[in-house]
Protein chains: 2
Amino acid sequence: MPSPDPHAMAMLVRKLESIADLSAEEREAILGLPLRTQALQAKQDIVREGDRPSQCCLILNGWACRYKLLGEGRRQILSLHIPGDVPDLQSLHLHTMDHSLGTLTKATLAFIPHDALRALTVRFPNVAAVLWRDTLIDAATFREWMTGMGRRDAYERIAHLFCELYLKQEAVGLATEHRCQIPLTQIELSDALGLTPVHFNRVLKEMREKRLIAMKAGTLAIEAWDELARACEFDPTYLHLVKRQS
Amino acid sequence: MPSPDPHAMAMLVRKLESIADLSAEEREAILGLPLRTQALQAKQDIVREGDRPSQCCLILNGWACRYKLLGEGRRQILSLHIPGDVPDLQSLHLHTMDHSLGTLTKATLAFIPHDALRALTVRFPNVAAVLWRDTLIDAATFREWMTGMGRRDAYERIAHLFCELYLKQEAVGLATEHRCQIPLTQIELSDALGLTPVHFNRVLKEMREKRLIAMKAGTLAIEAWDELARACEFDPTYLHLVKRQS
DNA sequence: CGCGCTATTGAGAGAGCTCAATGTGCGTGG
DNA sequence: CCACGCACATTGAGCTCTCTCAATAGCGCG
């Protein structure tokens with residue numbers, strides 16, 4: 001029986017308010033969305049390529065990723081998702097999944113029916129705009145990753161990802177002081193960057209030796225933010241985190 | 001003085017109807033959008049990274065691309081656009097450009113004020129949904145390109161792009177019989193694929209010698225569609241061309 | 001206390017890059 | 001109508017960043 005869980009939807013409100021403003025009425029409407037929560041183990045699929053889902057998934061806890069599989073065991077991770085994200089929001093208007101979505105860590109999810117979301121967007125055009133904006137920021141991140149895979153070398157690409165993951169977590173209050181959680185294996189990070197784990201490991205070693213970063217037990221500490229950001233020409237514009245301005 | 005140009009907006013209607021259905025009323029509203037047309041030479045910027053545009057650009061004629069520039073003269077082309085596309089639709093909700101948009105060939109453009117588009121989306125939630133869907137298909141294409149740059153070799157990547165460009169033009173009536181226009185230089189195609197022109201040229205030669213394709217004077221002829229598609233594991237799902245189903 | 005997954009390091013190979021030269025087609029001006 | 005200039009296409013030669021294969025080490029969990 002779906003019943004509103006104020007805490008669950010508050011995650012979504014917090015996320016949306018990190019990228020745009022909501023009126024009190026809109027906030028209430030979001031908090032009243034029906035949902036069904038579910039706990040998953042690490043490395044479980046949530047939806048698969050080819051599926052035609054009738055709900056979206058809000059991450060309450062843990063990390064997830066979208067990915068595509070190719071022949072010969074090749075995998076490309078397309079995006080990484082943290083609590084507050086709705087990684088398959090696009091399924092609201094693209095009915096067939098063109099990629100898969102799965103957990104990376106243990107995770108708690110809240111599923112929201114498409115019907116309820118569509119009704120919300122018709123009733124509140126501004127909520128539609130904010131959700132639309134969220135998918136557009138998603139696309140902006142794809143563009144940045146694409147640029148990295150096409151034109152940045154491994155060192156720059158890794159540095160860029162670390163800057164991005166820190167800022168995304170900082171934006172929703174999950175990180176401060178240039179330290180954040182990255183509970184992923186080097187294999188997963190390599191698949192996100194289009195590298196092999198072996199090469200990723202070697203470049204990481206180089207960054208450690210230069211004292212730009214430290215990484216242990218799933219925690220990343222960026223010890224020289226300015227230098228790291230300069231090395232990869234990091235420009236946070238594409239994250240569009242400043243409300244109403246970007 | 002902006003005055004409706006039925007022919008210009010008909011391009012947009014045709015494009016949108018290739019990805020979703022519109023009611024007669026919605027079609028009329030789109031045809032009535034205000035616009036200002038402009039002719040540009042090849043290789044001209046339309047909007048630049050950092051700009052805060054107040055209008056969107058509909059391509060009536062010619063090709064355009066979105067791109068990012070990095071240090072040392074590196075360029076990544078993010079997407080290629082043909083007549084009927086609105087390549088900067090995202091600027092409706094992302095106010096600062098995180099990339100640039102420019103013409104590749106001589107082109108005719110129609111500029112539509114954001115205000116008018118926003119009013120349209122508030123009045124017709126279904127038009128909002130269709131435009132949103134268009135930006136989501138854009139994002140799906142980014143994901144596919146990202147997958148290619150991360151995990152496909154040059155041969156597969158080129159084959160995949162050719163399949164995509166043919167199908168996109170076929171969908172809006174600009175191509176048939178596995179032949180289409182690709183009025184781009186090898187330099188531009190290389191920047192879209194994350195390759196160097198030299199390597200692109202060598203791989204193209206290989207594809208020609210295998211009689212998979214022929215390319216001359218801006219025209220691509222895919223002489224062995226099935227084999228080309230198989231070589232790159234081409235799956236058109238991500239283009240979401242089937243109305244109401246994908 | 002050992003299995004299984006992940007991290008790390010070594011060695012050699014290769015896809016794709018850089019530098020460089022030559023060929024080709026077309027638009028412009030004389 | 002032809003010559004020149006320029007941008008693009010093509011080919012050669014050598015290099016390097018990243019990959020593959022392989023072995024060892026570390027760590028968490030049953």
Side-chain angles (χ1 to χ4, degrees), chain A residues 41-44 63 65 70-77 103-106 148-161 182-209 213-220 231-232, chain B residues 41-44 63 65 70-77 103-106 148-161 182-209 213-220 231-232:
Chain A
Q41 290 301 306
K43 298 177 203 299
Q44 303 296 302
W63 285 48
C65 73
L70 301 178
E72 289 91 51
R74 289 173 292 181
R75 175 175 68 160
Q76 178 63 47
I77 290 182
T103 59
L104 289 164
T105 67
K106 273 191 168 189
M149 305 226 258
R151 292 300 184 214
R152 280 193 251 261
D153 67 22
Y155 189 93
E156 298 171 307
R157 235 182 285 175
I158 295 172
H160 204 280
L161 181 62
I182 302 190
L184 310 188
T185 67
Q186 295 186 4
I187 296 172
E188 289 157 346
L189 288 167
S190 306
D191 278 342
L193 291 162
L195 299 170
T196 55
V198 174
H199 193 59
F200 177 87
N201 182 278
R202 282 192 238 270
V203 176
L204 197 66
K205 180 185 177 185
E206 186 187 342
M207 286 177 49
R208 255 194 316 253
E209 286 169 347
I213 57 139
M215 219 178 168
K216 53 172 196 296
T219 297
L220 169 71
C232 60
Chain B
Q41 291 302 307
K43 298 177 204 300
Q44 303 296 303
W63 285 47
C65 73
L70 301 178
E72 288 93 49
R74 289 172 292 181
R75 175 175 68 162
Q76 178 64 48
I77 290 181
T103 59
L104 290 164
T105 66
K106 271 189 169 195
M149 306 227 258
R151 293 301 183 212
R152 280 194 251 262
D153 66 23
Y155 189 93
E156 297 170 309
R157 235 181 285 175
I158 295 171
H160 204 280
L161 181 62
I182 302 189
L184 310 188
T185 66
Q186 294 187 5
I187 296 172
E188 289 157 346
L189 288 167
S190 305
D191 279 342
L193 291 162
L195 299 171
T196 55
V198 173
H199 193 59
F200 176 88
N201 182 278
R202 283 192 237 270
V203 176
L204 197 67
K205 180 184 178 186
E206 187 188 342
M207 286 177 50
R208 252 192 319 249
E209 286 169 349
I213 58 139
M215 219 178 168
K216 53 173 196 293
T219 297
L220 170 72
C232 60

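To find a chain, count down the sequence lines: A is the first, B the second, and so on, and within it residues start at 1.
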Hits for side-chain contact (heavy atoms from CB on, under 4.5 Å) against A:Lys43, two or more places apart or cross-chain, chain-then-number order -> A:Glu188

How many Å lie between [atom1] on [X] and [atom2] on [N], as a whole number?
X	N	atom1	atom2	answer
B:Leu195	D:dT10	CG	C1'	16 Å
B:Asp153	D:dC19	CG	C1'	13 Å
A:Arg202	C:dG10	CZ	P	8 Å
B:Arg152	C:dA15	CZ	P	18 Å
A:Glu209	C:dT9	CD	C1'	12 Å
A:Arg151	D:dC17	CZ	P	16 Å
B:Lys216	D:dT10	NZ	P	13 Å
B:Leu193	C:dA15	CG	C1'	15 Å

Q. When rounded to the nearest 0.5 angstrom, what is the spacing between CZ in B:Arg152 and SG in B:Cys232?
A.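 B:Arg152 CZ to B:Cys232 SG: 6.5 Å, rounded to 0.5 Å.
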
| request: For C:dC17, take OP1 and OP2 only and decide whether either is under 4.0 Å from a side-chain N or O of B:Thr196. | output: yes

For the side chain of [X] and the backbone of [Y], is there at least one donor-acceptor N/O pair under 3.5 Å apart?
X	Y	result
A:Gln76	B:Gly148	no
B:Arg74	B:Gly71	yes
A:Arg151	B:Arg75	yes

Between A:Ala42 and A:Leu104 the two heavy atoms that sit nearest each other are CB-O, 3.4 Å

Scoring nucleotides 2-8 of chain C by protein non-hydrogen atoms under 4.0 Å (B base, S sugar-phosphate only, - none) yields ----SSS

